[in-house]
Amino acid sequence: MNIAFSTPLKGNLVLCRDLRDAEPIHRSDLYKFLWVRQGSLSLEVDHVPMRLAAGEIISLTPLHRLGNVRSDGECLSLLFDSNFYCIFGHDGEVSCNGLLFNGSSEPLRLVLSAERQEALGRIVDELCTEYEVDDGLREEMLRMQLKRFIIVCTRAAREHLGVDGPQEQLFDIVRRFYVLVDEHFRTRRRVQDYAELLHRSPKTLSNLFAACGRPSPLSVIHDRVNAEARRLLLYTDKSAKEVAYLLGYEDTAAFSRFFAKMNGESITDFRRRAQRE
């Protein structure tokens, strides 16, 4: 059963049980969960190929671009936009922003336990049941099922990242750092900038990231800038100078050096290779 639900305020929730009939997964305005229930799933995320096996789920933001999606088995997609469910508005409630959905170039990929797969399966079934009830409460009930789905995935992500017990409070600062980077990466590229927003010292942030097994704060900033640079270069016809300006660089040469350092190739070579592929 496929579901496509729209609210009067233009919010959208889409559920597709068969990716061969899931054109909405290519929409650029939707957050996405892709869950392999049986078989496997091959796809490219921003031209990076990956293959998911049964029991794996991946969460993607509207920034990510999908290509060459090939499903061999039962793969489910659950999609929504911020008008239907705003992850920023629910951030403190389910702690998903910066954990399930962040702007890094590497989307979060999880292996679900059998128990969590069963839990998500029940939520999907209940979502489908609620969709059939045509009354004034349907929208909120569907939003509730989506929230439950996100919470189960958030718990799996916390387990995957080793976030529990005393470390959970420390990781909340790390998560807030990711949120701030998503918001300010075009204008703030120093760890000091974010340390001030979080009322911490740069050294304290570095120690917290190390304690949580995360990349350094500076790496997170650079990865976010690089992810946006790659997307603009791949999916627009903007010049390197225009991309540099959009990312807050006054000097195109400085941006070109940054890109080459992060990607191991020049902007020109990157675009040529992408066109060949």
Side-chain angles (χ1 to χ4, degrees), residues 26-32 43-50 58-68 81-82 87-88 91 97-109 174-198 200-203 205-206 209 214-277:
H26 297 289
R27 283 178 49 178
S28 61
D29 60 330
L30 299 176
Y31 292 88
K32 305 172 181 71
L43 70 162
E44 291 182 359
V45 179
D46 293 327
H47 286 254
V48 177
M50 61 178 62
I58 190 171
S59 53
L60 303 169
T61 76
L63 293 172
H64 294 110
R65 296 294 183 271
L66 293 177
N68 294 325
D81 60 17
S82 57
I87 63 171
F88 288 93
D91 178 55
N97 193 14
L99 192 61
L100 293 178
F101 302 106
N102 63 65
S104 71
S105 56
E106 296 183 7
L108 185 64
R109 177 176 175 176
V174 174
R175 182 181 58 79
R176 286 161 56 197
F177 181 90
Y178 274 93
V179 174
L180 289 171
V181 169
D182 249 2
E183 186 177 355
H184 299 292
F185 71 91
R186 292 179 180 84
T187 56
R188 299 174 185 261
R189 291 195 290 274
R190 301 183 308 156
V191 176
Q192 176 70 39
D193 297 332
Y194 297 96
E196 291 173 357
L197 292 173
L198 292 167
R200 299 289 194 281
S201 71
K203 183 176 181 180
L205 285 182
S206 295
F209 272 69
R214 306 302 294 159
S216 71
L218 187 60
S219 294
V220 173
I221 298 170
H222 285 174
D223 286 346
R224 183 63 184 89
V225 175
N226 187 51
E228 191 71 8
R230 289 171 60 94
R231 292 181 184 113
L232 288 170
L233 292 167
L234 281 172
Y235 305 118
T236 74
D237 58 0
K238 297 182 184 301
S239 67
K241 183 177 180 179
E242 290 173 312
V243 172
Y245 176 78
L246 289 172
L247 295 177
Y249 283 87
E250 296 181 2
D251 183 357
T252 305
F255 168 65
S256 297
R257 289 193 298 270
F258 166 81
F259 187 88
K261 181 179 178 181
M262 293 294 294
N263 297 280
E265 60 184 339
S266 69
I267 291 173
T268 301
D269 290 343
F270 173 76
R271 276 185 150 164
R272 285 175 178 169
R273 180 173 56 80
Q275 289 173 354
R276 291 196 303 269
E277 295 175 352

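Taking Leu218 as the reference, Val191, Ser216, His222 meet the side chain to side chain contact (heavy atoms under 4.5 Å, CB included) condition, with sequence neighbours excluded. In this structure Tyr235 satisfies the side chain to side chain donor-acceptor pair (under 3.5 Å) test together with Asp46, sequence neighbours excluded. For Arg190, the side chain to side chain donor-acceptor pair (under 3.5 Å) test picks out Asp193, with sequence neighbours left out. Residues that satisfy the side chain to side chain donor-acceptor pair (under 3.5 Å) test with Thr268, not counting sequence neighbours, are absent from this structure. Checked against side chain to side chain contact (heavy atoms under 4.5 Å, CB included), Lys203 has the following partners two or more places apart in sequence or in another chain: Ser201, Asn207. Contacts of Phe177 classified as ring-ring contact (aromatic ring centres under 6.0 Å, His included), with partners at least two apart in sequence or in another chain: Tyr194, Phe209. Remark: Arg271 pairs with no residue by the salt bridge (charged side-chain N to carboxylate O under 4.0 Å, His left out) rule, at least two apart or across chains. Judged as a salt bridge (charged side-chain N to carboxylate O under 4.0 Å, His left out), and not counting sequence neighbours, Glu242 has no contacts. Annotation: side chain to side chain donor-acceptor pair (under 3.5 Å) contacts of Ser266 (sequence neighbours excluded): Asp269. Contacts of Arg65 classified as salt bridge (charged side-chain N to carboxylate O under 4.0 Å, His left out), with partners at least two apart in sequence or in another chain: none.
No side-chain heavy atom of Val243 sits less than 4.5 Å from a side-chain heavy atom of Glu228. Using a 4.5 Å heavy-atom threshold, the side chains of Asp223 and Met262 count as touching. Here the side chains of Asn68 and Leu43 are not in contact, with every heavy-atom distance at 4.5 Å or above. Taking the side chain as every heavy atom from C-beta outward, Val48 and Arg230 approach each other to under 4.5 Å. Looking at heavy atoms from C-beta onward, Leu197 lies in side-chain contact with Arg188 at the 4.5 angstrom threshold.
A distance-only check finds no donor-acceptor pair linking the side chain of Arg176 to the backbone of Leu198 [under 3.5 Å]. Within the 3.5 Å criterion, the main-chain N or O of Ile58 finds no donor-acceptor partner in the side chain of Lys32.
Of the inter-residue distances, the one linking Tyr31 atom OH with Asp81 atom CG reads 9.5 Å to the nearest 0.5 angstrom. Distance CD1/Ile221 to NE2/His184: 11.5 Å, rounded to 0.5 Å. Atom CG of Leu100 is separated from atom CZ of Arg175 by 10.5 Å, given to the nearest 0.5 angstrom. Here Met50 contributes atom CE and Arg109 contributes atom CZ; the two are 6.0 Å apart, rounded to the nearest 0.5 Å. Taking CZ from Arg224 and CG from Leu180, the interatomic distance works out to 13.0 Å, rounded to the nearest 0.5 Å. The distance from the CG atom of Leu233 to the CD1 atom of Ile267 is 5.5 Å, given to the nearest 0.5 Å.
Between Pro202 and Gln192, the shortest heavy-atom contact is CG-OE1, 3.1 Å. Closest heavy-atom contact between Leu246 and Arg186: O-CD, 3.4 Å. Contact between Val225 and Arg189 at its shortest, heavy atoms only, is CG2-CD, 4.1 Å. In terms of heavy-atom proximity, Pro107 sits nearest to Ser59 at CB-O, 3.6 Å.
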Just list the side-chain donor-acceptor pairs under 3.5 Å for residues 250-260, sequence neighbours left out, or say none.
{"residue": "Asp251", "atom": "OD1", "partner": "Ala253", "partner atom": "N", "Å": "2.9"}
{"residue": "Ser256", "atom": "OG", "partner": "Thr252", "partner atom": "O", "Å": "3.0"}

